Every structure is written in C-alpha cells, then in structure tokens.
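Report on one structure; see the data block that follows.
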Amino acid sequence: MLEEVLRQLFIKSFKNLYAQEPPVQQVNFQKTRPEFEGDLTIVVFPFSKLVARNPEQLANEVGAEMLKESSLIARFNVVKGFLNLLISDAFWFDFFKTHRCVEQFGRKEVSGRPIVVEYSSPNTNKPLHLGHIRNNLLGWSVSEILKANGQHVVRVNLVNDRGIHICKSMLAWRKWGNGCTPESTGKKGDHLIGDFYVLFDKEFKKELKELLPPDFDTLDEKQQEAARAKAEDVSPLMQEAREMLRKWEAGDAEVRNLWNTMNGWVYDGFDVTYKRLGVSFEKIYYESQTYLLGKELVQEGLDKGVLYRREDNSVWCDLRDEGLDEKLLLRRDGTSVYMTQDLGTAQLRVKEYDPEKLIYVVGNEQIYHFDVLKRVLVRLGREWGKQIEHLSYGMVELPSGKMKSREGTVVDADDLMDEMVATAKAVSEELGKAKDLSAEEAEKLYHVIGLGALKYFILKVDPKKTMLFNPSESIDFNGNTGSFIQYTHARICSVLRKAAEQGIAFENEVPAGDLLPKEKEIIVMMYGWPNVLAQAAENRSPAMVANFIFDLAKEFNQFYQECSILKEEDVNRRQLRLQICDMVSRLLRNAANLLGMEMPERM
RNA sequence: GGUCUGGUAGCUCAGUUGGAUAGAGCAACAGCCUUCUAAGCUGUGGGUCUUGGGUUCGAGUCCCAACCGGAUCACCA
C-alpha cells in the first residue's frame with residue numbers, strides 16, 4: 001500500500017533528521033488539492049512542536065530527506081504546514097501494468113464464517129412499494145459488496161405470511177370477491193390481495209362509524225381512544241377476522257386452504273417483482289413456520305430466572321436497569337409476539353449457519369426493537385446476540401410526507417418500474433439511440449437503463465438518511481445518475497469496438513513514458529478502488545460505491561473530451577489510452593454490478 | 001416527557017481517523033457536435049454549513065446548550 005510505504009519513509013526521514021520518532025498515528029495522508037502540484041499531502045503541524053521548528057521549515061527539511069531516501073518521490077513542495085508529495089510516474093505505471101487486466105480488480109477471495117443478511121421481509125397482504133424497493137436494493141447490494149470484500153454471505157428473507165392482517169384480506173375476498181382470481185381479473189396476485197386488504201379497511205371504517213357513540217367528536221383524546229377500542233371489539237367484521245385467525249391457528253382445513261391459495265397468488269406476484277428488481281435469496285423463511293419458535297427460549301429464560309411471569313400469566317423481560325423498559329415476550333393467553341419469534345428465528349439461523357454476524361436490513365423505526373432483541377438474547381445467555389447488527393435505513397418520503405398505505409399515498413414498486421422503463425424508452429427514442437437494435441434488444445436495453453436509473457437514485461444516498469422522492473419529477477437520466485455511468489461505459493465500449501474494427505490490437509506491454517494529467521488522474525483514482533470497496537463494506541454503504549463510479553465516470557468523460565484515443569498519432573500513447581479505456585470500463589462494470597446495475601455495451 | 005436521528009446552494013445530495021479557498025448534480029444563464037456516442041464537455045451566477053458557546057495551530061466534522069424536523073417508547077408486526 002502506497003500510504004503505508006510513505007508513512008514508513010516519513011518516519012525514517014524524520015528520525016534521520018531529528019533523532020526521534022514521530023507518533024505513527026499522527027502521520028496521516030490526504031489527497032493533494034488540485035491547485036497544488038502533488039499526489040499526497042502530509043500535514044506536518046502536529047510534529048512542529050516536537051522538534052521546535054516552524055511547520056514550513058520542518059516540511060521542507062523532511063521533504064528533502066524523503067526525496068533523497070526514495071525514488072518513489074519525484075518532487076515535493078511545501079505550502080504552510082502542508083508537505084505535498086509528487087509520486088513518480090514509474091509507480092503508477094507499475095500499478096497499472098500489474099492490475100489493468102485483472103478481471104475483478106479489488107475483489108477479495110471469499111473465506112470465513114458466513115454473514116446472514118436478512119432483507120425484504122414483506123407482508124403477504126399488500127404489494128411492494130418504494131420503501132420495500134429501498135430495502136431490497138440495500139440488502140442485495142450490501143450483500144454483494146460484502147462478498148466482493150471477501151465475506152461469505154447468505155441472503156435470507158422472512159416472509160410475514162400469517163396474522164390478523166392476512167385474515168382481513170382473506171375475509172374481504174370471501175365476502176366480496178365472487179371467487180375472482182389473478183387469472184380472471186388479469187391482476188398480479190399481490191395487487192389483487194392488496195386491493196382486498198384496502199377494501200376490508202374501507203368497509204371496516206364504515207362499520208366503525210356506526211358503532212362509535214354519536215358524541216364521539218366532542219370527546220377528549222383518551223375517551224376517543226377508549227370508544228374506538230370498544231367499537232373495534234364489537235365490530236362484526238373484526239370479530240370475523242379474529243375468528244378466522246383462531247381457525248387458522250387451529251389448522252382449520254377450509255381456512256388453511258384459502259390461505260394457501262391466496263398466499264400462492266401473492267408469491268407469484270412477488271416473484272415477478274423480485275426478478276425484475278434483480279434481487280434473490282438463498283433461503284426464504286415463513287413466519288407461519290417460525291412463529292412458535294421463541295417459546296422454548298422464553299421457557300428457558302423463566303427456568304433460569306432471567307424472565308418473569310406476571311399474575312395475569314404474561315411473560316416479561318425487565319430491562320429497566322439497562323435504561324430500557326420492560327418488554328413483553330408472551331401474552332397472557334400464552335401466544336407469542338413479534339419479539340418472541342425474532343428470538344426464535346435468530347436462534348434458528350445460528351444453528352443453521354453458525355454465522356459470524358447476523359445483519360437485519362430493516363427500517364429505522366425498529367431501532368428500539370433490535371436493541372431489545374440483542375439485550376434479551378444476551379440475558380438468555382446467547383452471547384452471539386451481540387453479533388446481531390441492525391442495518392437501519394431511513395424512510396423514503398414524498399413531498400407530502402410519509403407514505404401511508406391506507407391513505408393511498410404509496411408509490412407502488414411495479415408501477416414505478418414500469419414508469420422508469422417507459423421513460424427510458426421515450427428518452428432513448430428521442431435521442432435516436434435504439435435505431436440499430438432489434439425490438440427485443442431495445443426492450444432489454446430500456447429495462448437496463450430504467451432500472452439502472454432507479455437503483456442508482458436509491459443507492460447513491462447514504463442508507464441511514466431519510467430520502468425524498470418526488471413522483472411529479474421523474475428520476476433524471478442526466479447528471480449524477482445511473483444513466484450517466486452506463487453511458488460512459490457504453491461510450492468506452494464503442495471506442496474499444498472501433499479499435500478492433502480498425503485492427504488496433506492490445507499489447508501485453510504497457511508502453512513506458514510520461515503520464516499526462518488526465519491519464520494519471522484516472523489511474524490514481526482506480527488505484528484507490530480497493531480501499532473504497534473496503535470502506536463501503538465496513539460501513540455497509542452502497543452509496544460509497546455509487547460516489548466512486550460517478551467520480552470515475554466524470555473523470556473519464558473529461559479525459560475523453562480532452563484527449564484523442566484512436567486518433568492519437570503517437571502509437572505508444574494511443575496504446576496506453578486504449579488500455580486505460582479497457583480498465584476503466586471493466587472497473588465501472590464490476591463496481592456498478594455491486595449496485596445491481598447492468599452495464600450496456602451500447603445505448 | 002425519555003431515547004435515537006437529522007439540519008450543508010432555490011431543489012436533491014457528497015463531504016468517515018479534525019486540515020489548505022466547503023463540492024457535485026438538477027434548475028438558470030452563456031458556449032462546444034462534417035472529427036472516438038452531446039444521456040457528454042467547458043464556463044457564469046448561487047453558501048452566516050440552523051443558532052450560540054467551547055476544545056486548538058486549525059472545526060461542516062469533536063463537546064455543551066438552544067431552535068426546528070423525523071422516528072420510537074403497544075398484550076401490532
């Protein structure tokens with residue numbers, strides 16, 4: 001690593017001069033600002049006190065010594081306390097020569113125990129929306145980034161396929177569906193079921209209105225809540241739904257059949273969406289099969305005395321001494337809650353995979369839940385609970401605020417993808433880009449561009465931040481966008497194609513010589529990729545990869561504008577530039593793939 | 001109210017062990033296609049980094065306080 005070598009060189013030179021060792025952690029590098037000559041800069045302020053010299057003098061002395069000690073340094077200059085080092089071209093040539101043809105530059109060999117990444121985790125009572133898109137893209141991309149960085153990753157999905165909300169859809173379908181199916185209506189299964197969920201809610205609200213006391217509006221908040229709870233309790237629709245849930249839990253054949261059929265429709269719908277989105281899983285868990293799992297753990301906790309039972313028979317974990325609250329683990333009727341089954345599924349995964357880490361990609365509204373989950377596990381003697389990591393991401397908001405299913409203010413995943421592809425098509429046609437493609441190739445291209453733009457739009461934002469999506473402004477195809485990256489790649493491919501047509505061959509050797517600023521800048525940037533990848537993995541941040549490929553693409557486009565490639569007359573220089581093109585295209589492709597973006601060869 | 005989290009250009013966002021004159025894109029304006037793909041490139045304008053203190057050679061970045069926003073604190077999942 002360049003920085004490490006330079007650090008040692010700095011320390012050695014410093015010792016030569018002043019006969020004492022500078023504190024290693026203080027020897028830090030930053031990229032030299034473009035207005036000064038140099039590649040890397042050492043800030044010498046921290047050392048000036050040590051040897052009683054002013055920073056500028058110190059930098060000059062150390063710089064001269066480093067120059068004398070190593071051929072790595074071509075030149076140096078000093079501005080105030082900043083020692084700017086210019087690395088010799090030979091170093092960059094050497095790097096370029098050894099890495100330009102590496103198929104997956106920066107990628108590490110996979111080893112070690114797996115990381116289990118859970119993401120997606122949909123409910124089967126409604127179709128996926130923009131929030132799920134963020135979740136799915138994040139989960140998938142973070143997994144890819146971890147893999148590229150040498151981690152063994154297992155992607156899992158936990159489908160919430162049971163509970164009162166599913167029963168609401170089932171009940172609505174039975175009451176008002178007239179036996180309709182995805183086939184008979186021509187609707188995707190998940191959308192069909194989602195419509196019945198909404199319908200239930202609508203009818204239920206109507207019913208509720210009748211059941212609320214006439215003076216409801218005049219009551220204070222507390223009284224209103226009580227009145228509502230009372231009305232919900234006696235609501236015939238709600239009673240029916242609850243009855244259905246009881247039958248489901250009792251294994252009632254008719255209910256189970258209906259449940260199987262309807263969930264089947266939803267899964268078919270989800271499969272289409274997942275496939276289009278390009279995400280996948282090694283294993284899918286279903287809550288209907290895991291919801292009883294945590295009970296044994298709770299019993300164990302009771303036996304050990306780390307949990308306790310109240311008089312009403314409910315079971316709790318007291319976390320007040322850790323600054324949290326008491327947490328319910330079993331209801332008074334003995335049934336389990338969300339937390340209980342999460343305890344159970346975590347235990348199951350540990351048994352199945354012996355993972356080094358469990359990552360849960362779940363929205364930031366559940367931070368508290370996962371905090372509690374970890375602590376309860378540790379109380380139960382499961383030290384691996386500490387290895388649980390909640391990768392929490394921010395909500396996607398609309399200009400009107402949060403998306404709410406019931407108020408119809410959600411951006412549907414399928415609709416959004418349709419729109420992206422349609423816009424990609426319109427833009428391509430307007431620019432006359434797809435003339436030479438067959439209809440089939442063109443459709444494929446529109447998909448790649450539309451989805452690429454969507455994925456980049458979502459992933460370029462730091463996961464933990466709330467992000468804004470404005471449906472009235474379509475996602476851009478110019479500027480800092482997925483299309484820009486793809487376009488740059490296609491452009492390079494075009495140059496490489498033309499080179500082949502003109503019979504310009506790639507040579508094994510990299511022609512020696514000097515590097516022009518634009519050529520060098522690209523090579524320097526590519527040199528930094530393994531570090532970016534490592535940072536992205538550590539921070540679970542696809543945004544870092546997105547920023548990198550944007551910077552690289554931007555740099556390349558400037559190079560492309562300033563420098564001829566095929567028309568360069570100096571054959572050595574032409575060769576070098578072609579080789580740079582080749583490496584840039586490969587790196588852009590590999591890095592963009594980590595975001596789930598496909599890279600077209602023409603567009 | 002407690003806890004967590006955010007506040008950077010008109011808008012969307014970068015800015016990660018504290019470093020030099022805070023950066024992109026969009027939008028606006030002005031240029032560049034008979035020459036390797038103009039989904040591109042170049043330039044102009046646009047900032048009290050919410051506010052006030054503190055730490056130090058140096059703070060958008062660290063600490064404290066205030067203001068504004070969001071999340072959460074369920075016998076829902």
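Everything numeric here is computed off the predicted structure, so don't read it as measured data. By convention in this document, chain letters (A, B, ...) are assigned in the order of the sequence lines, proteins followed by strands, and residues within each chain are numbered from 1.
Side-chain proximity of A:V337 to B:A39, B:A77, B:A14: nearest is B:A77. Candidate nucleotides B:U37, B:A77, B:C75 were compared by shortest atom distance to the side chain of A:R491, and B:U37 ranks first.
Backbone-only contact: A:L468 has heavy atoms under 4.0 Å from sugar-phosphate atoms and none from a base. The residue A:N84 sits close to a base: some heavy atom pair falls under 4.0 Å. A:T41 comes within 4.0 angstrom of a base, heavy atoms only.
Taking only side-chain nitrogens and oxygens, A:S483 never comes nearer than 4.0 Å to OP1 or OP2 of B:A39. Applying the 4.0 Å criterion to OP1 and OP2 of B:U72, one finds that A:Y368 has every side-chain N and O outside that range. OP1 or OP2 of B:G25 sits under 4.0 Å from a side-chain N or O of A:K554. OP1 or OP2 of B:U37 sits under 4.0 Å from a side-chain N or O of A:K498. Dashed line: the shortest gap from a side-chain N or O of A:R33 to OP1 or OP2 of B:A20 is under 4.0 Å.
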**Item:** For RNA chain B, the dot-bracket pattern of Watson-Crick and G-U pairs whose distances stay under 3.5 Å, | for other-strand partners
**Value:** (((((((..((((.....[...)))).(((((.......))))).....(((((..]....))))))))))))....
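A distance cut-off of 5.5 Å between ring centres, combined with a plane angle under 30°, places A:F36 in a stacking arrangement with the base of B:A20.
Spacing of C1' atoms, B:U17 relative to B:C62, comes out at 12 Å, to the nearest Å. Distance check on atom C1': B:C26 versus B:A66 gives 34 Å, rounded to whole Å.
Checking A:E249 against A:Y291 by side-chain atom types alone, no donor-acceptor pair falls below 3.5 Å.
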